[in-house]
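Following: one structure in structure tokens, then a few remarks.
Labels below follow one simple rule: chain letters A, B, ... track the order of the sequence lines, proteins then strands, and each chain is numbered from 1.
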Amino acid sequence: MPTIRQALESRVSQAITAATGIADNAPNVIQASRPDFGDYQANGVMAMAKQARSNPRELAQQVVDRLDRGDLIDRAEVAGPGFINLFLTDRWLGEAAGRTLADPTSSLEAAVDPQTVVVDYSSPNLAKEMHVGHLRGTIIGDALARVMQALGHRVIRQNHVGDWGTQFGMLIAHLEDLRQADSDAELSTELSDLETFYRHAKQRFDAEPEFADRARHYVVRLQQGDEQCLAMWEQFIEESLRHCEAVYEMLGVLLTRDDLKAESSYNNDLNEVVKALNEKNLLRESQGAQCVFLDEFVGKDGTPLPAIVQKRDGGFLYATTDLAAARYRCQTLRADRVLYVVDARQSLHFQQVFAIARRAGFAPDNCSLEHIAYGTMMGKDGKPFKTRSGDTVKLKDLLEEASERAYRLVSDKNADLDEAERRNIARTVGVSAVKYYDLARNRNSDYVFDWSAMLSFEGNTAPYMLYAYARICSILRKLDEGGTVDTLDDGVAALDWEAPEERALVLKLLQLPEAVQQVAQEGYPNHLCQYLFELAGLFMRFYESCPILKADAGRRQQRLAIARLSAQTIRKGLELLGIPTLERM
RNA sequence: GCGCCCGUAGCUCAACCGGAUAGAGCAUCGGCCUUCUAAGCCGAGGGUUACAGGUUCAAGUCCUGUCGGGCGCGCCA
């Protein structure tokens, strides 16, 4: 089903064709910037008039005269220098809302052209425990994957975990010593905190030459497929993955073992990738290393900037792995789009990888490679978020603190609820507050992590949305026969209304697909947050000014239907962001 | 030195690839609970969109330059 915007675009476009004879035109229909400009506005006619050297207002009037309004458009007016303001019929809106209410999924599914979309996200380094630096990529990627899936695309999640490379030799050596010297209990304790484990291994690597030599030796043996080394490596990886999975569980992130596509899995492709680059004449030796130089990349002092794919000692680098991954995703998985949800600081790296992948023929032109870059989470001091002592903050600790802070708030606001329910609400509210605060920001920029701002629960926050949802559930519970968002039968085929607050809300409710499509196209989840915030605001105003249970029978049914559709839409929108709802809070 | 991102209300941030009078929240001030959850709603004040040019019917948005901030730039990932 097309969105309202698409339906209007198509009608206005036809009218422009009828008026000008130009078939390929851009009506540029957007949601009206102000209520008195109607529901939508078409801005494209002014540019067309310029092109055709005609008077924009006159052309706009001709378009309006030829516009097929059908049962969708109530009236169309020329305004200002040549805008066309579009007012929708209440009847069409009411019927569309009724259809969505009856079948909540209908508005989002059935993408016009389903694509295969690979989303590479989270991708922690398994040598250490997940920390706050992994939060943004994990939840932005998860939200984008959910959005793509909801639109009917074939989504392949890939968790490109770092499980390969020099540091693992050091970890294996340390693990080996612990296994021989210590009891199982002690080994298990040591492994339960990967940060400490890593630190101890690193200390020994720096202090004990014998240990360092052994560590380096293990890296080589590992890459050669030595069984003993592999077994120890697997034990460590297994332990580390369990840590990740615990965090994903807390976060409500959908990644599972099936989504793992680790760096190590490309190990056998790396030689081939370098060989292919050589065959395309892209490879050049520089200071003993195998490099790719492209004209568009210039380094210091105007010298050519290399992408190194093979070290002097024959080892491969992450550019090599990323090229192998790009090749796999385009050629084996046949992706139409690949989204790399990775820290913005890697943008040069990805520019190089994408450019090389094109030249080498790994990625055909019709496969879109996109770096979904995001900024750093900062502390109040404007520097990357750390603990007071300067250590990185573990994601697990951060989420536990969020729940704890939310618990104090829930207990404060709602002392009558029992302990278990308060704990449950606090967990959802706390974690959702952290996630939403992040998702609601434009991902391009760094942002300041601020407990008091996200836990003040005011403004464009998860609790505001969750509260709106809980209010609706509360009303439904109060009905004679009781009811929930899913079970209540309104017996309403088409909605109608009398108050402006009702109409404004219904229109907004029908615009979810537009917000979702925008997120899918551009990869900015904050647009969906913005939509939900506006929706929740309109609901709150409706709630305050239009009593539901006290209204007479007819209005009551209608308002119940509007409230229920509001709940459905809020829940759906939050679900796409990876945020659950609460019946009570 | 080169490249990428950014600079919007006192603070934190929006602004749907150039649209009409730049929007929210926090903070400040003033209203609204014997009625569906006040974690709410209504109202007020607050702006030369860093600065200077340019492009055009129209610029926070595009181009050039300047200033300021963050990040990146050969054998880690």
Side-chain angles (χ1 to χ4, degrees), chain A residues 5 28 30-34 37 41 43-44 46-47 49-50 56 79-83 85 123 125 127 162 164-167 263 286-291 297-303 305-313 315-319 321-322 343-349 351 373 375-376 378 382 409-410 412-414 429 440-442 444-448 450 452-453 456-461 463-464 466-468 470-479 514-515 517-518 521-522 524 526-527 529-531 533-534 537 540-541 543-545 547-551 559 563 584-585:
Chain A
R5 182 175 173 170
N28 194 10
I30 62 170
Q31 291 171 20
S33 54
R34 276 169 43 197
F37 294 155
Q41 59 185 62
N43 299 335
M46 288 172 286
K50 165 93 179 169
F83 297 99
N85 293 341
S123 307
N125 180 351
W164 210 238
T166 45
Q167 33 193 331
E263 284 185 337
S286 171
Q287 299 169 26
Q290 296 298 323
C291 306
F297 299 106
V298 180
K300 293 175 185 170
D301 312 321
T303 55
L305 181 69
I308 303 177
V309 293
Q310 191 164 23
K311 293 189 283 189
R312 197 174 2 219
D313 68 7
F316 301 106
L317 292 108
Y318 77 138
T321 310
D322 274 329
D343 190 306
R345 285 173 290 200
Q346 310 260 356
S347 72
L348 176 60
H349 167 70
Q351 278 180 42
T376 308
M378 305 298 226
L409 238 128
V410 172
D412 194 39
K413 300 273 184 196
N414 246 327
V429 168
R441 255 136 273 277
N442 185 317
N444 277 339
S445 346
D446 298 342
Y447 78 94
V448 177
D450 179 357
S452 64
S456 73
F457 299 164
E458 279 160 353
N460 190 2
T461 62
Y464 183 77
L466 294 175
Y467 182 57
R471 277 180 140 184
I472 301 171
C473 292
S474 174
I475 292 175
L476 299 182
R477 275 196 302 273
K478 285 203 159 56
L479 293 169
E514 294 176 16
Q517 281 190 2
Q518 198 190 345
Q521 274 162 26
E522 300 165 11
Y524 287 90
N526 63 306
H527 289 138
C529 296
Q530 187 65 29
Y531 165 80
F533 179 54
E534 285 163 13
M540 294 295 196
R541 259 158 264 163
Y543 180 91
E544 299 283 342
S545 61
I548 297 171
L549 297 177
K550 277 174 55 187
R559 287 180 177 166
R584 243 181 260 269
M585 71 180 277

- [ ] Remember a base hit wins even if backbone is also touched, and classify A:I308 as base, sugar-phosphate or nothing at under 4.0 Å, heavy atoms.
- [x] base

Open item on the list: Only Watson-Crick and G-U wobble pairs, only distances under 3.5 Å, only runs of 3 or more: what stems does that leave for RNA chain B?
Closed with: B:1-7 with B:67-73, B:10-13 with B:23-26, B:28-32 with B:40-44, B:50-54 with B:62-66

TODO: Report yes if at least one side-chain N or O of A:R541 is closer than 4.0 Å to OP1 or OP2 of B:rC42; otherwise report no.
DONE: yes

Open item on the list: When the P atoms of B:rG25 and B:rG3 are compared, how many Å lie between them, rounded to an integer?
Closed with: 41 Å

- [ ] Give the rounded distance in Å between these two atoms: CD of A:Q346 and P of B:rC71.
- [x] 15 Å

TODO: Calculate the interatomic distance between A:F316 atom CZ and B:rC76 atom C1'; express it in whole Å.
DONE: 16 Å

Open item on the list: Counting only side-chain heavy atoms from C-beta out, which of B:rU37, B:rC42, B:rC16 sits nearest to A:R477?
Closed with: B:rU37

Open item on the list: Rounding to an integer number of Å, can you tell me how far A:R441 CZ sits from B:rC13 P?
Closed with: 7 Å

Open item on the list: Side chain of A:I475, heavy atoms from C-beta onward: which of B:rA77, B:rG74, B:rU37 has the nearest atom to it?
Closed with: B:rU37

Task: Nearest listed nucleotide, side chain of A:N444, among B:rC5, B:rC13, B:rC36 - done: B:rC5

Open item on the list: If you compare every side-chain N and O of A:S347 against the phosphate oxygens of B:rC4 (OP1, OP2), does one of them come in below 4.0 Å?
Closed with: no

Task: B:rU66 to B:rG1 separation - P atoms, rounded to the nearest Å - done: 11 Å

- [ ] Determine the interatomic distance between C1' on B:rA24 and the same-named atom on B:rC41; round to the nearest Å.
- [x] 16 Å

Task: Protein proximity profile, nucleotides 20-35 of chain B - base contact B, sugar-phosphate-only contact S, no contact -, cut-off 4.0 Å on heavy atoms - done: BB--SSS--------B

Open item on the list: Could you tell me how far B:rC67 sits from B:rA27 if I compare only their C1' atoms? Round to whole Å.
Closed with: 30 Å

Task: Between C1' of B:rG70 and CG of A:D343, the distance in whole Å - done: 12 Å

Task: Whole-Å distance separating the CG atom of A:D450 from the P atom of B:rC13 - done: 9 Å

- [ ] Taking atom types as modelled, find out whether A:N444 and A:Y524 have a side-chain donor-acceptor pair closer than 3.5 angstrom.
- [x] yes

Open item on the list: Between B:rU61 and B:rG43, how many Å separate the two C1' atoms, rounded to a whole number?
Closed with: 32 Å

TODO: Syn or anti for B:rG23, please, going by whether the chi angle lies within 90° of 0.
DONE: anti

- [ ] Would you indicate which nucleotide in B:rC17, B:rA77, B:rG74 comes nearest to any side-chain atom of A:E263?
- [x] B:rA77

Open item on the list: Any side-chain N or O of A:K311 below 4.0 angstrom from OP1/OP2 of B:rC76?
Closed with: yes

Open item on the list: Using whole Å, what does the distance between atom C1' of nucleotide B:rC5 and atom CD of A:Q351 come to?
Closed with: 11 Å

Task: Given B:rU37, B:rU56, B:rG72, the nucleotide with the shortest approach to the side chain of A:R345 - done: B:rG72

Open item on the list: Can you tell me which nucleotide in B:rG19, B:rA38, B:rC73 comes closest to the side chain of A:Y467?
Closed with: B:rA38

Task: Options B:rU12, B:rG72, B:rA39, nucleotide nearest the side-chain atoms of A:N414 - done: B:rA39

- [ ] Please tell me which of the listed nucleotides, B:rC57, B:rC76, B:rU37, lies nearest to the side chain of A:M46?
- [x] B:rC57

- [ ] Check every atom of B:rG72, B:rC75, B:rG40 against the side chain of A:Q287 and return the nucleotide holding the closest atom.
- [x] B:rC75

Task: A:Q521 vs A:T303, nearer the 5' end of RNA chain B by closest nucleotide - done: A:Q521

Task: Atom C1', compared across B:rC29 and B:rC16: separation rounded to whole Å - done: 34 Å

Task: Candidates B:rC13, B:rC76, B:rG40 - which lies nearest the side chain of A:L317 - done: B:rC76

Task: Rounded C1' spacing from B:rA15 to B:rA52 in Å - done: 25 Å

Open item on the list: Here's a test of your reading of the structure: between A:A32 and A:K478, which maps to the more 5' nucleotide of RNA chain B?
Closed with: A:A32

Open item on the list: Does B:rA39 have its OP1 or OP2 closer than 4.0 Å to a side-chain nitrogen or oxygen of A:R471?
Closed with: no

TODO: Starting at atom OH of A:Y543, determine the distance to atom C1' of B:rC42, rounded to an integer number of angstrom.
DONE: 16 Å

Open item on the list: Quick check on B:rC33: syn or anti? Syn means the glycosidic torsion is within 90 degrees of zero.
Closed with: syn

Open item on the list: Does B:rA15 have its OP1 or OP2 closer than 4.0 Å to a side-chain nitrogen or oxygen of A:H527?
Closed with: yes

Task: Residues A:E534 and A:Q530: side-chain donor-acceptor under 3.5 angstrom - done: yes

Open item on the list: Without decimals, in angstroms, what is the distance between A:E534 CD and B:rC16 P?
Closed with: 12 Å

